[in-house]
Amino acid sequence: VKNYLRFVAVNRTDFTVLSRQLVQHFEINNDTFQRLVTPGGVAGHIGLEHIINMYRRYIDWADSLLKLVSDAACIVDGKELPDAGMGVAKRVELIRQSSFSDIADCVEPRIRHAASHDGISFDKERGFVRFRYNDLDGKKVDFEMTYAEAADITRKFIRGFVPGIFCAFGIYLMFQLLVTID
């Protein structure tokens, strides 16, 4: 009961607004996917640039969901709630240190940071995406993923994490309503 009340206290998300935004993102992404699936195909680096941009937009949109997941993980693990102003990267790290670490497998804040700062380049010959950005301490961070890895992580996040977490918390809110009515 304490954990339930504690979660209700931290759950300040307006799911009506999030629902509208989710539908809008789905429409934009479905349109982009349709444009990328042309009869002649699209070069990998061109398609990936669009898909990584989708990932960046979604991770910005999913910030409130990541806050809910990290808060819920802390509650379940009996830890203190994080500061409300904590950033995405630190929240993802909290989730990864919890008993629910696999939830955040497809959440990679470094991709978002690189995409937000024009730090993405493509090695077409090797089939790699190179990400570069400055971390909070000002240090340069470089990492690479194959085209397949980058496409896979973005697919899992866009088509799995976002709708899955959104639906889970929507169902939880419905459960709260039904319990209240009962």
Side-chain angles (χ1 to χ4, degrees), residues 1-23 25-26 29 51-52 54-116 129 131 133-137 139 141-146 148-182:
V1 171
K2 284 181 184 177
N3 282 346
Y4 170 80
L5 293 174
R6 199 169 157 209
F7 181 76
V8 170
V10 300
N11 186 6
R12 296 180 288 276
T13 304
D14 184 352
F15 277 89
T16 306
V17 172
L18 282 178
S19 297
R20 280 190 223 115
Q21 291 172 346
L22 180 64
V23 168
H25 278 294
F26 269 137
N29 290 344
I51 290 170
I52 290 169
M54 281 187 231
Y55 189 89
R56 181 193 55 78
R57 283 195 326 264
Y58 255 111
I59 218 166
D60 287 342
W61 172 83
D63 184 50
S64 56
L65 292 178
L66 287 167
K67 286 179 181 178
L68 279 173
V69 172
S70 65
D71 288 352
C74 287
I75 289 168
V76 171
D77 286 349
K79 296 178 182 175
E80 192 172 312
L81 288 175
D83 179 61
M86 183 179 279
V88 171
K90 289 186 180 178
R91 285 197 177 270
V92 169
E93 191 56 37
L94 266 179
I95 297 166
R96 288 188 177 143
Q97 293 171 1
S98 76
S99 53
F100 302 97
S101 61
D102 56 339
I103 290 174
D105 283 349
C106 62
V107 184
E108 183 52 79
R110 299 180 306 167
I111 293 174
R112 182 218 165 268
H113 294 313
S116 295
V129 184
F131 300 90
Y133 69 96
N134 292 333
D135 68 6
L136 295 174
D137 299 327
K139 289 188 252 174
V141 177
D142 290 336
F143 68 102
E144 290 183 332
M145 290 181 165
T146 65
E149 289 169 332
D152 190 50
I153 195 169
T154 55
R155 179 186 56 80
K156 287 178 181 173
F157 184 75
I158 291 170
R159 296 290 192 217
F161 178 86
V162 171
I165 295 298
F166 182 79
C167 290
F169 282 108
I171 290 168
Y172 188 80
L173 283 176
M174 184 59 73
F175 174 73
Q176 289 175 354
L177 176 63
L178 292 174
V179 167
T180 305
I181 291 171
D182 188 44

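Quick note: residue numbers are just sequence positions, from 1. As a basis for the values below, the full set of heavy atoms in this structure was taken, side chains included, without hydrogen atoms, waters or symmetry mates. None of the values given here were measured: they were computed from a predicted structure.
Taken from CZ in Phe161 to CD1 in Ile103, the straight-line distance is 7.5 Å, to the nearest 0.5 Å. The CD1 atom of Ile59 lies 11.0 Å from the OG1 atom of Thr154; values are rounded to the nearest 0.5 Å. For the atom pair CD1 (Ile51) and CD1 (Ile153), the distance works out to 13.0 Å, reported to the nearest 0.5 Å.
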Mind listing the side-chain donor-acceptor pairs of residues 108-116 below 3.5 Å, one per line with the distance, residues two or more places apart or on another chain?
residue	atom	partner	partner atom	Å
Glu108	OE2	Arg110	N	3.3
Glu108	OE2	Arg110	NE	2.9
Arg112	NE	Asp60	OD1	2.5
Arg112	NH2	Asp60	OD1	3.4
Ser116	OG	Arg112	O	2.9

Side-chain polar contacts of residues 85-92 - donor-acceptor pairs under 3.5 angstrom, sequence neighbours left out - could you list them?
residue	atom	partner	partner atom	Å
Arg91	NH1	Ser70	OG	2.6
Arg91	NH1	Asp71	OD1	3.1
Arg91	NH2	Asp83	O	3.1

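In terms of heavy-atom proximity, Cys106 sits nearest to Tyr55 at O-OH, 2.8 Å.
Taking Ala73 as the reference, Ser98, Phe100 meet the side-chain contact (heavy atoms from CB on, under 4.5 Å) condition, with sequence neighbours excluded. By the salt bridge (charged side-chain N to carboxylate O under 4.0 Å, His left out) test, Asp63 is found to be paired with Lys67, residues two or more places apart in sequence or in another chain being considered. Under the side chain to side chain donor-acceptor pair (under 3.5 Å) criterion, Arg57 pairs with Asn29, not counting sequence neighbours. Every side-chain contact (heavy atoms from CB on, under 4.5 Å) that Asp142 has, sequence neighbours left out, goes to Arg132. Every residue two or more places apart in sequence or in another chain that forms a side-chain contact (heavy atoms from CB on, under 4.5 Å) with Glu149 is listed here: Met145, Thr146. Scored by the salt bridge (charged side-chain N to carboxylate O under 4.0 Å, His left out) test, Arg155 finds Asp152 as partners (sequence neighbours excluded). The salt bridge (charged side-chain N to carboxylate O under 4.0 Å, His left out) test applied to Glu144 returns Arg126, Arg130, not counting sequence neighbours.
Taking the six-membered ring for Trp and thresholds of 30 and 60 degrees, Tyr58 and Phe157 have ring planes more than 60 degrees apart, a perpendicular arrangement.
Annotation: side chain of Leu66 is in contact with side chain of Val107 (closest heavy-atom distance under 4.5 Å). Looking only at side-chain heavy atoms (C-beta outward), Ile95 and Ser101 stay at 4.5 Å or farther from each other.
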Pair Val141, Asn134 - check side chain to side chain contact (heavy atoms under 4.5 Å, CB included), show working. CA-CA 6 Å; Val141 177; Asn134 292 333; over 6 Å; no
